[in-house]
Every structure is written in C-alpha cells, then in structure tokens.
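Protein chains get the first letters and strands the later ones, always in sequence-line order, with residue 1 at the start of each.
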Amino acid sequence: MTDDWPETEAGALAVQERIARAADLTDPGPAPGAARLIAGVDVAYDEHSDRLAAAVVVLDAATLDVVEQATATGRARFPYVPGLLAFRELPPVLDALAGLSAAPDLVVCDGYGLAHPRRAGLAVHLGVLTGLPCFGVAKTPFVYGHPDPGPARGDTAPLLDGAETVGRALRTRAGVRPVYVSVGHRISLDHACAHTLALTSNGFRQPETTRRADHLCRAALKDAL
DNA sequence: GCGACAG
DNA sequence: ATCTTGTCGC
C-alpha cells in the first residue's frame with residue numbers, strides 16, 4: 001500500500017501536490033447521526049530507536065463504546081518535518097487500518113488537514129489514500145492564527161489564511177485551550193466540528209477517538225519493545 | 001538571513 | 001512525539 005513511498009523531501013512535496021488536488025472538499029459527508037462507526041488513529045514513538053506503533057480504535061458513535069481496534073508496529077521511514085508529518089505517520093496507520101474487519105464511516109486524525117501550508121495535512125492524505133471521510137483535530141497551533149474563541153464549550157474562531165477559512169479553533173471544554181479542527185476529505189467543516197463536539201461529550205478536551213487510540217498505540221509500543 | 005514549526 | 005514532579009480538585 002505504501003511502496004514507492006518518498007524518501008526525500010522533494011519527493012514528498014511532489015506527492016503532496018497530487019494528494020491536495022485529489023482531496024474532495026465539497027462532499028459534506030456524514031452528519032453526526034449518519035455515521036455509526038467512527039475511527040480514531042494515533043502513533044507512538046520510541047525515543048531510543050526508530051521503533052513505532054500505530055493504533056486504530058473504532059467507536060460506536062452513539063455510545064462511544066469500542067467496537068473494534070487494531071495495531072501495527074514498525075520502524076519510522078521518514079523524519080519528523082513540520083509540514084510533512086503525513087509521510088512519517090501514514091505507513092503504520094494504514095497498516096493498522098488494514099487490520100480492521102470493516103471500514104469505518106469516518107476517521108479522526110491527530111493533527112491538521114486543510115489548515116496546512118500546501119493544503120495537504122495528515123487528514124487530507126489519510127482521507128485521499130483510504131477514500132474515507134476524514135478530518136483532523138490538532139492540539140497545538142501550526143501555521144494559522146485565529147481570534148480568541150469564547151470561553152464556553154462549543155465556542156469557535158476561524159483559522160484564517162487571508163480571507164480563506166481553512167479550519168476552526170473549537171473550545172471542547174469550558175475555560176480550556178481550544179483544539180484545532182480542519183477537514184481532510186469528504187467532510188464539511190461544520191460536520192467535522194459537530195462530530196468533534198459529540199466525541200468530547202466525555203468531558204475531556206480531546207475526542208474520545210484520539211484518547212483511545214493514544215492509549216492503545218502506547219501500550220502496543222511498550223509490548224513491541 | 002532568521003525564526004517558527006502538527007506529531 | 002518523549003521525559004518529568006508536584007499540585008489542585010472531584
């Protein structure tokens with residue numbers, strides 16, 4: 001699935017150009033209620049080697065209960081370069097996804113989608129390569145600033161690139177730093193934010209999907225060492 | 001030229 | 001990403 005993977009930054013930039021062009025940014029995708037299986041993906045790294053572990057956790061959207069999960073371990077094939085995160089995280093994530101018995105209706109990534117210098121963040125890559133509706137929820141600012149969202153859960157502020165809205169800072173918990181939502185493929189920003197709020201009815205800042213995937217990939221990495 | 005910079 | 005100590009609060 002990820003043979004001909006770029007080895008150099010120049011190669012990666014060429015792939016990104018193709019990915020960005022292939023992204024479907026017009027399909028509004030599933031609204032909350034229309035998606036039953038929502039998957040979260042994450043990757044953990046060993047600090048003393050190039051070993052890594054990826055995890056996918058599929059939740060029942062209505063109850064947030066775990067329906068299925070899968071992991072994959074391997075070695076990093078690409079360094080961490082801001083703007084090229086997809087080339088580091090995608091191979092293990094795709095391997096983990098291949099372990100599922102059924103494709104989810106929607107995938108939530110840890111990181112950015114459209115709100116990326118070349119409109120090609122992790123969520124765009126994952127959506128295009130799998131064909132699945134996909135969006136990203138990042139924990140820290142990247143390249144786009146924003147006005148301050150209000151203090152209440154659900155308050156938002158646009159992530160702006162000039163006059164273009166590329167994402168949204170979304171307060172998922174009152175008085176706590178917002179998360180950064182941006183679409184990847186086959187999902188609207190409104191739907192992505194609505195899903196993010198539904199997935200944070202757990203009282204935490206981060207979506208339940210990413211929390212579960214984060215715990216699972218850490219455990220998988222520990223076992224693999 | 002220099003700094004900033006998802007995970 | 002990863003390491004880390006204490007601290008506050010339900």
Figure out the [atom1]/[atom2] separation between [X] and [N], and round it to whole Å.
X         : N      : atom1 : atom2 : value
Leu221(A) : dG7(B) : CG    : P     : 18 Å
Leu114(A) : dA6(B) : CG    : C1'   : 14 Å
Leu159(A) : dA6(B) : CG    : P     : 13 Å
Phe78(A)  : dA6(B) : CZ    : P     : 16 Å
Leu52(A)  : dG7(B) : CG    : C1'   : 12 Å
Leu85(A)  : dA6(B) : CG    : C1'   : 6 Å
Arg88(A)  : dA6(B) : CZ    : P     : 13 Å
Arg119(A) : dA6(B) : CZ    : C1'   : 15 Å

Practice prompt. On DNA chain C, reading 5' to 3', which nucleotide is the first and which the last to sit with an atom under 4.0 Å from a heavy atom of chain A, could you check?
Written response: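 First-to-last contact on DNA chain C, by the 4.0 Å heavy-atom rule, is dA1(C) to dC3(C).
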
Does a nitrogen or oxygen in the side chain of [X] sit under 4.0 Å from OP1 or OP2 of [N]?
X         : N      : result
Tyr180(A) : dA6(B) : no
Thr140(A) : dG7(B) : yes
Lys139(A) : dG7(B) : yes

Worksheet entry | Minimum-distance pair of heavy atoms, taken over all atoms of Ala54(A) and Cys217(A) |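 Heavy atoms only, the tightest pair is C-CB, 4.0 Å.
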
Fill in: Consecutive Watson-Crick or G-U pairs in runs of at least 3, all under 3.5 Å, in which DNA chain C is involved
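DNA chain C stems: none present.
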
Worksheet item: More than 12 heavy atoms of other residues, nucleotides or ligands under 6.0 Å from CZ of Arg173(A): is that the case?
Response: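 Not more than 12 within 6.0 Å, no.
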
Worksheet item: Do Tyr180(A) and His146(A) have ring centres separated by under 6.0 Å?
Response: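 They qualify: ring centres under 6.0 Å apart.
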
By the 4.0 Å heavy-atom rule, please label [X] as base, sugar-phosphate, or nothing.
X         : result
Leu84(A)  : base
Ala44(A)  : sugar-phosphate
Gly136(A) : nothing
Tyr80(A)  : base

Worksheet item: Any donor-acceptor pair under 3.5 Å linking the side chain of Thr172(A) with the backbone of Arg205(A)?
Response: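 Looks like yes, one N/O pair under 3.5 Å.
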
Fill in: Side-chain donor/acceptor of Asp155(A) to backbone N/O of Ala152(A), under 3.5 Å
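Yes, the answer is positive, given that a donor and an acceptor are paired below the 3.5 Å cut-off.
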
Worksheet item: Hey, are Arg153(A) and Thr200(A) close enough side-chain-wise for a donor-acceptor pair under 3.5 Å?
Response: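 Looking only at side-chain atoms, Arg153(A) and Thr200(A) do form a donor-acceptor pair, the distance falling under 3.5 Å.
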
Practice prompt. Answer yes or no for Arg88(A) and Tyr45(A): cation-pi contact, defined as NZ/CZ to six-membered ring centre under 6.0 Å and angle to ring axis within 45°.
Written response: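 Because its charged atom sits under 6.0 Å from the ring centre and within 45° of the axis, Arg88(A) does stack over Tyr45(A).
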
Item to complete: Go through the steps for Phe87(A) and His125(A) under the test ring-ring contact (aromatic ring centres under 6.0 Å, His included), then give the verdict.
Response: CA-CA 9 Å; Phe87(A) 298 93; His125(A) 287 256; 5.1 Å; yes

Worksheet item: Between Phe142(A) and dA6(B), do the rings stack, that is, sit under 5.5 Å apart with planes less than 30° off each other?
Response: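 Yes, Phe142(A) stacks on the base of dA6(B), since the ring centres sit under 5.5 Å apart and the planes are within 30°.
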
Worksheet item: For the hydrophobic clusters of this structure (ILVMFWY residues joined by side-chain heavy atoms under 4.5 Å, transitively), does one cluster hold both Leu132(A) and Ile38(A)?
Response: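 No, separate clusters.
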
Worksheet item: In terms of hydrophobic clustering (I, L, V, M, F, W, Y; side-chain heavy atoms under 4.5 Å; direct or indirect links), are Ile187(A) and Val181(A) co-clustered?
Response: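 In one cluster: yes.
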
